[in-house]
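Read the structure below first, then the notes.
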Amino acid sequence: MSSIEKIALFIDGSNFHATSKALGFDIDYRRLLDEFQSRGTLLRAFYFTTVIEDQEFSSIRPLIDWLGYNGYTVVTKPTKEFVDATTGRRKVKGSMYVDLAVSAMELAENVDQIVLFSGDGDFRSLVEALQRRGVRVTVVSTLATQPPMVADNLRRQADVFIDLVELRPKVGRDPVDRLASREVRHPPQFLARGTIKRDDRVE
């Protein structure tokens, strides 16, 4: 039996994006893959995100296209924008919770460790279910923001908690590289929003 651990990554795109932005840096997804490939046999790296339906241009499209060609399994779901009748604020309806949970449970028997990039407490029961199947679960989020981006019940349930601040030197994108990358690869209108804004609540 091999002693090399089999690992799968499950990235909750909107939550992970909000976490890195709250910490003031962008993720270099190539370096992220390299980091976890160095920790064992990386079987899969999933990236889950919603895409706004009927929008002529989705600002997250360049990222998910790149991920799909560079080692990630991208799972998307269309969402719909609407105006809340009570508050008058624009909201986005759509969730990837079920999709992520189903994929994780399906893969559980083939991996030793699942790394969940999310701080959402709704995933606590998923983590517990994976642990009952013998899978070790690592949660990546942060306690360094106020309030913390990770739910306390999720952090306590995880076998290992990694603060994204600790990973920044290994998976963060250098500010100079980020600026150059945007200037070369993306027209100016692509820079308006990296993904759904944190203020636009996803339900």
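The first residue of the sequence shown is numbered 1, and numbering continues consecutively from there.
Across every non-hydrogen atom of Ser141 and Gly119, the tightest pair is OG-CA, 3.6 Å. In terms of heavy-atom proximity, Ala108 sits nearest to Leu130 at CB-CD2, 3.8 Å. Closest approach of Ala129 and Arg133 over heavy atoms only: O-NH1, 3.1 Å. Nearest heavy-atom pair across Ala8 and Val111 is CB-CG1, 4.0 Å. Across all non-hydrogen atoms, the minimal contact from Ile114 to Ala104 is CD1-O, 4.0 Å. Taking every heavy atom of both residues into account, Met96 and Thr49 meet most closely at SD-O, 3.7 Å.
Other residues sharing the hydrophobic cluster of Val98, ordered by chain and number and joined by side-chain separations under 4.5 Å: Val102.
For the pair Asn15 (side chain) and Ser118 (backbone), a donor-acceptor distance under 3.5 Å is absent. Not a single donor-acceptor pair under 3.5 Å links the side chain of Ser103 to the backbone N or O of Leu100. Judged by distance alone, the side chain of Arg168 and the main-chain N or O of Leu164 form no donor-acceptor pair under 3.5 Å. The main-chain N or O of Lys6 is found under 3.5 Å from a side-chain atom of Asp112 such that the two form a donor-acceptor pair.
Residue Leu154 holds its CG atom at 6.0 Å from CG of Leu116, rounded to the nearest 0.5 Å. Gln37 contributes atom CD, which lies 10.0 Å from atom CD1 of Ile7 (distance to the nearest 0.5 angstrom). The distance from the CZ atom of Phe48 to the OG1 atom of Thr50 is 12.5 Å, given to the nearest 0.5 Å. To the nearest 0.5 Å, atom CG of residue Asp28 and atom NZ of residue Lys170 are 14.5 Å apart. Summarising the geometry, atom CD1 belonging to Ile4 is positioned 5.0 Å from atom OG1 belonging to Thr41; distances are rounded to the nearest 0.5 Å. To the nearest 0.5 Å, atoms CG (Leu43) and CG (Leu9) are separated by 10.0 Å.
With salt bridges taken as basic N to acidic carboxylate O contacts below 4.0 Å, one links Arg155 and Asp152.
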**Prompt:** Are Met105 and Leu126 close enough, and set up right, to give a side-chain contact (heavy atoms from CB on, under 4.5 Å), and what steps lead you there?
**Reply:** CA-CA 8 Å; Met105 293 301 290; Leu126 169 63; 3.9 Å; yes
**Message:** Walk me through whether Phe36 and Gln113 qualify under side-chain contact (heavy atoms from CB on, under 4.5 Å).
**Reply:** CA-CA 11 Å; Phe36 284 90; Gln113 180 186 178; 5.8 Å; no
**Worked check of side-chain contact (heavy atoms from CB on, under 4.5 Å) between Leu67 and Tyr29** = CA-CA 8 Å; Leu67 293 173; Tyr29 284 94; 3.7 Å; yes
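Shown are Tyr47, Phe16, Phe46, Phe161; of these, the ring-ring contact (aromatic ring centres under 6.0 Å, His included) with Phe117 is made only by Phe16. Applying side-chain contact (heavy atoms from CB on, under 4.5 Å) to Tyr72 and the options Leu63, Ile64, Ile11 leaves one that passes, Ile11.
Counting only residues at least two apart or on different chains, the ring pair (Phe, Tyr, Trp, His ring centres under 6.0 Å) pairs with a member in residues 123-147 are Tyr97-Phe123.
More than 12 heavy atoms of other residues, nucleotides or ligands sit less than 6.0 Å from atom CZ of Arg31.
Looking only at side-chain heavy atoms (C-beta outward), Leu143 and Met149 stay at 4.5 Å or farther from each other.
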